[in-house]
Amino acid sequence: MYSYLKGELVEVSEDTIVVEVNNIGYNIHIPAGMAGNFGGTGQTVKVYTYLHVKEERMELYGFLTRDGLTIFKLLLGVSGIGPKGALAVLAVMSPDDLRFAVLGEDVKAISKAPGIGSKTAKRLILELKDKLKLEDVLEQNMAAAAPEQANSLSGAKSEAVQALAALGYSPSEALKAVNSVEPSVDMAVEEILKCALKQMSFL
């Protein structure tokens, strides 16, 4: 029903905000602890929203980015995870952190979310692994730096991650190290590997 709401931020609490649009105040649930990211009251904000309807109850959930909303919807598709569980995950992990954890099968990291035990975390990984791609993690930062080269750079980084995994590093470690490398339009896989290996000692 709503793609996003843009209006004045009039109220802020730990896990909800109120945005006034055309003299109507919309109460929006957000990941706990993220209120500060929306700015202070009186500011104009753009919030990407999801309307959850259950029986006679309707609730709005909001995120600063479309990517956050996309991941929230994916989490809702996991068996046993509702809106509160999905918000709990995004309260402790950014969308990219969750991608790293899912692709690296990091049950421990996902289990840190309140109400998400190891059993649910394993199910989350199982159900989302085929829906998340390595390129989703790599392309966003690269596209901003060099839009016309994003696809080729993503392919090179993907190969570098696979090479690190073959050397014995965990997928999660490999993803983080490669993603930390500053993109260059003419960067070869070998160069990315060298830079990533230097980063490993800082992870």
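Tyr4 and Leu69 fall within the same hydrophobic cluster, defined by Ile, Leu, Val, Met, Phe, Trp and Tyr side-chain heavy atoms under 4.5 Å apart, directly or through other members. Ile17 and Tyr26 fall within a single hydrophobic cluster, where Ile, Leu, Val, Met, Phe, Trp and Tyr side chains are chained together by heavy-atom contacts under 4.5 Å. Hydrophobic clustering (ILVMFWY, side-chain heavy atoms < 4.5 Å, transitive): Val92 and Leu87 are in one cluster. One hydrophobic cluster holds both Val12 and Val21 under the rule that ILVMFWY side chains link at heavy-atom gaps under 4.5 Å. Following chains of ILVMFWY side-chain contacts shorter than 4.5 Å, one can reach Leu60 starting from Val53, so the two form part of one hydrophobic cluster.
Note: Tyr48 OH to Lys6 NZ = 9.5 Å, rounded to the nearest 0.5 Å. Remark: Thr41 OG1 to Leu9 CG distance equals 6.5 Å, nearest 0.5 Å. For the atom pair NZ (Lys131) and OG1 (Thr70), the distance works out to 13.0 Å, reported to the nearest 0.5 Å. Considering OG of Ser94 and CZ of Arg99, their distance stands at 8.5 Å, rounded to 0.5 Å. Interatomic distance, CD of Glu20 versus OG1 of Thr44, reported as 11.0 Å (0.5 Å rounding).
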One pair to check against side chain to side chain contact (heavy atoms under 4.5 Å, CB included): Thr16 and Ile30. What are the steps and the verdict? CA-CA 5 Å; Thr16 60; Ile30 60 173; 5.7 Å; no
Check step by step if side chain to side chain contact (heavy atoms under 4.5 Å, CB included) holds for Leu76 and Tyr50. CA-CA 11 Å; Leu76 289 181; Tyr50 175 84; 3.5 Å; yes
Start with the C-alpha gap between Val89 and Leu98, add the side-chain angles, then the distance that decides, and say whether side chain to side chain contact (heavy atoms under 4.5 Å, CB included) holds. CA-CA 8 Å; Val89 172; Leu98 180 61; 4.0 Å; yes
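Shortest non-hydrogen contact noted between Glu8 and Gly42 is OE2-CA, 3.6 Å. The two atoms that bring Val45 and Val19 nearest to each other are CG2-CG2, 3.9 Å, heavy atoms only. Counting all heavy atoms, side chain and backbone alike, Ala32 lies closest to Asp15 at CA-CB, 4.3 Å. Heavy-atom minimum distance, Ile28 versus Gly62: CG2-N, 3.2 Å. In terms of heavy-atom proximity, Met34 sits nearest to Ala91 at CE-O, 3.6 Å.
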Please list, one pair per line, the donor and acceptor atoms closer than 3.5 Å that link side chains of residues 109-130 to other protein atoms, with sequence neighbours excluded.
residue	atom	partner	partner atom	Å
Ser111	OG	Val107	O	2.8
Arg123	NE	Ser79	O	2.8
Arg123	NH2	Ser79	O	3.2
Glu127	OE1	Ser79	N	3.1
Glu127	OE2	Ser79	OG	3.2
Lys129	NZ	Glu105	OE2	2.1

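Looking at residues two or more places apart in sequence or on another chain, you find a ring pair (Phe, Tyr, Trp, His ring centres under 6.0 Å) between Tyr61 and His29, Phe72.
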